[in-house]
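Right, one structure below, let's go through it.
Protein chains get the first letters and strands the later ones, always in sequence-line order, with residue 1 at the start of each. We use all heavy atoms of the structure for the numbers below, so side chains are in, but hydrogens, waters and symmetry mates are not.
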Protein chains: 2
Amino acid sequence: MKINKPRRLSLVEQVTKEIEQLIQQGYWKVGDKIPSEKVLMEQFDVSRNTLREAVRALTHVGLLETKQGSGTIVISESMFDLVLAKQIEQNSIAQILEVRLAIEREAAFLAAERRTETELKEMQHLIYQCKQALENDDLNNFMEADIKFHQKVVQASQNNLFVDLYASLNDSLQFSIEQIMFYAEEKVEENNIHHELYQAIKNQESEQASKLVDIYITSWKSLLEESSCH
Amino acid sequence: MKINKPRRLSLVEQVTKEIEQLIQQGYWKVGDKIPSEKVLMEQFDVSRNTLREAVRALTHVGLLETKQGSGTIVISESMFDLVLAKQIEQNSIAQILEVRLAIEREAAFLAAERRTETELKEMQHLIYQCKQALENDDLNNFMEADIKFHQKVVQASQNNLFVDLYASLNDSLQFSIEQIMFYAEEKVEENNIHHELYQAIKNQESEQASKLVDIYITSWKSLLEESSCH
DNA sequence: GGTCATTTGTTCGTATGTATA
DNA sequence: GTATACATACGAACAAATGAC
């Protein structure tokens with residue numbers, strides 16, 4: 001889909017884009033209060049109405065939130081997450097897991113071909129964190145490291161689209177994974193898959209990496225089905 | 001008990017939401033021209049500036065397009081396509097193909113398990129259309145039927161998220177596929193994959209369906225690499 | 001509790017440019 | 001060319017919410 005854009009950007013569009021970039025570049029971070037309309041008017045050298053329309057556009061898509069008498073704060077740094085999350089909400093957990101499997105399996109395959117030494121070291125460290133959290137029976141820390149490990153695998157595919165899609169899916173899945181974890185007793189087996197997957201990626205065994213992810217997510221899926229029977 | 005402030009929706013937000021709903025409910029369809037600002041001002045009982053801010057918010061996200069001296073037309077009914085397309089634009093064709101492979105392969109696997117009789121018949125018809133288009137050397141019709149066939153396969157997975165993601169990816173890929181097609185001489189081979197894939201899905205051979213999609217897209221990918229060398 | 005400056009919300013008016021009929 | 005309708009931008013005014021003193 002190619003969007004027509006022969007005309008030059010309007011003032012509002014320019015300001016909107018600039019603010020969007022300032023947010024994405026981290027100049028204004030999530031939770032921050034951005035300057036008042038008065039200050040921004042001078043900074044961008046536009047009228048109040050022009051500035052307000054730009055801010056309004058960004059509040060509508062969910063990047064900003066305005067509070068009368070108080071100010072305007074940043075509530076998200078990318079529209080992609082928001083829209084995808086909204087779309088994902090309409091689907092069942094089982095369907096999301098199917099998409100997650102599709103993405104993570106292919107990403108693991110590519111990661112085995114393209115991973116860097118740095119990424120391998122980071123994976124190893126995350127596996128260690130998982131192990132330690134398990135020994136301390138600290139489920140929260142385990143889940144955090146677990147998710148980070150899988151994100152690292154996807155990142156090692158060197159494909160930004162995989163990374164973005166996977167991140168958005170994961171956000172939506174996280175709460176549901178907690179539920180599933182409740183029924184999961186065989187945590188050690190999970191940890192073994194971590195190490196096996198790491199070995200496959202390290203040794204550049206693409207097919208093996210794919211297969212391991214398949215096993216990993218299929219086990220989640222069956223856990224989900226069991227838990228829904230109760 | 002502290003009750004959250006019932007932050008009432010601003011006038012602009014109300015109007016924005018109403019227009020958005022009218023579009024999504026199909027009251028105003030894609031391509032339609034919506035009433036003039038004057039009419040809408042009366043209909044929603046708001047000032048011109050308020051209405052304009054609402055329209056502006058929707059043009060910014062890409063649902064509406066305003067044309068000077070003419071009016072405002074609806075150009076899309078969901079933000080999802082637009083945002084995803086924007087995200088995809090930032091990635092290379094090779095990366096998009098990798099995501100497409102991930103989605104279509106898994107979808108084919110599931111389609112083999114879940115396809116309905118109706119979907120099988122529709123696939124058969126689309127294969128016939130592809131064949132006919134090839135005999136008439138009609139590339140445009142071939143591509144149209146080809147895309148529809150693969151969409152039908154994804155649809156047969158009975159997973160809406162796959163369908164949505166695949167549709168958005170396809171829109172972005174379509175123009176690039178045309179380029180690749182230019183270098184593709186072995187069209188007959190393509191058609192054979194159609195029929196083989198259909199047979200696998202019909203006979204519920206999931207693994208075989210996956211494998212065929214893999215072969216299919218890998219061949220696209222190598223064509224792409226060849227063409228980029230010229 | 002009340003006052004007051006600040007900040008955003010809402011509306012109107014004006015001016016100029018541009019595309020369409 | 002003219003008239004109409006929309007696009008774009010600026011300025012001003014008052015309302016309403018907030019926070020600090």
Side-chain angles (χ1 to χ4, degrees), chain A residues 3-20 22-23 27-76, chain B residues 2-20 22-23 28-76:
Chain A
I3 298 172
N4 271 341
K5 236 188 226 171
R7 70 177 200 286
R8 72 170 195 283
L9 289 175
S10 71
L11 256 185
V12 175
E13 284 168 322
Q14 285 175 44
V15 175
T16 306
K17 213 163 194 173
E18 282 190 69
I19 296 177
E20 203 175 350
L22 284 172
I23 293 171
Y27 182 75
W28 293 325
K29 292 182 181 170
V30 175
D32 279 6
K33 196 160 81 171
I34 68 175
S36 72
E37 290 180 350
K38 202 177 202 173
V39 177
L40 291 176
M41 278 168 64
E42 292 163 4
Q43 190 170 326
F44 293 117
D45 194 33
V46 291
S47 75
R48 185 162 178 240
N49 265 333
T50 306
L51 176 76
R52 279 182 58 76
E53 278 195 76
V55 171
R56 195 77 94 149
L58 293 174
T59 59
H60 179 254
V61 297
L63 259 61
L64 297 176
E65 193 177 64
T66 55
K67 267 202 272 183
Q68 208 179 136
S70 170
T72 304
I73 58 173
V74 182
I75 58 172
S76 178
Chain B
K2 189 85 178 183
I3 297 175
N4 260 346
K5 52 200 160 216
R7 193 178 78 82
R8 76 170 196 281
L9 288 175
S10 72
L11 258 184
V12 176
E13 283 172 322
Q14 285 175 42
V15 176
T16 306
K17 213 162 195 172
E18 281 190 70
I19 296 177
E20 202 175 351
L22 285 172
I23 293 171
W28 294 324
K29 292 181 182 171
V30 174
D32 278 8
K33 195 161 83 172
I34 69 175
S36 74
E37 290 184 350
K38 207 177 215 170
V39 176
L40 291 176
M41 276 167 64
E42 291 164 4
Q43 188 171 327
F44 293 117
D45 194 30
V46 291
S47 76
R48 182 161 174 248
N49 250 332
T50 306
L51 177 74
R52 277 180 56 76
E53 278 195 78
V55 172
R56 198 79 100 134
L58 293 174
T59 59
H60 177 255
V61 297
L63 285 175
L64 297 177
E65 192 176 62
T66 53
K67 267 207 251 178
Q68 237 177 47
S70 167
T72 303
I73 57 172
V74 182
I75 59 172
S76 179

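Within the 4.5 Å cutoff, no side-chain heavy atoms of A:Glu37 are placed close to those of A:Leu40. A 4.5 Å side-chain heavy-atom check between A:Ile34 and A:Ile73 finds every atom pair outside the cut-off. Within the 4.5 Å cutoff, no side-chain heavy atoms of A:Ile23 are placed close to those of A:Val30. Taking 4.5 Å as the limit, some side-chain heavy atom of B:Val74 sits within range of a side-chain heavy atom of B:Leu64. No side-chain heavy atom of A:Leu11 sits under 4.5 Å from any side-chain heavy atom of A:Phe44.
Checked by atom type, the side-chain pair A:Ser10/A:Glu13 shows a donor-acceptor distance below 3.5 Å.
Per the geometry, CG belonging to A:Leu64 stands 11 Å off P belonging to C:dT8, to the nearest Å. In this structure, CD of A:Gln68 is placed 17 Å from P of D:dC14, rounded to the nearest angstrom. Atom CD1 in A:Ile73 sits roughly 13 Å away from atom P in D:dT18 (whole-Å rounding).
Scanning for salt bridge (Lys or Arg N to Asp or Glu O under 4.0 Å) contacts around A:Glu20 gives B:Lys86, with sequence neighbours left out.
Shown here, D:dG1 forms no base pair; nothing in the strands shown gives a Watson-Crick or G-U wobble contact with both key distances under 3.5 Å.
Residues of residues 45-53 of chain A having a heavy atom closer than 4.0 Å to DNA chain D, listed by number: A:Val46, A:Ser47, A:Arg48, A:Asn49, A:Thr50. Of the residues in residues 30-38 of chain A, not one places a heavy atom less than 4.0 Å from an atom of DNA chain D.
Proximity of A:Thr66 to the phosphate of C:dT7: no side-chain N or O atom is located under 4.0 Å from OP1 or OP2. Taking 4.0 angstrom as the limit, A:Thr72 places none of its side-chain polar atoms (N or O) nearer than this to OP1 or OP2 of C:dT7.
Not a single donor-acceptor pair under 3.5 Å links the side chain of A:Thr50 to the backbone N or O of A:Val46.
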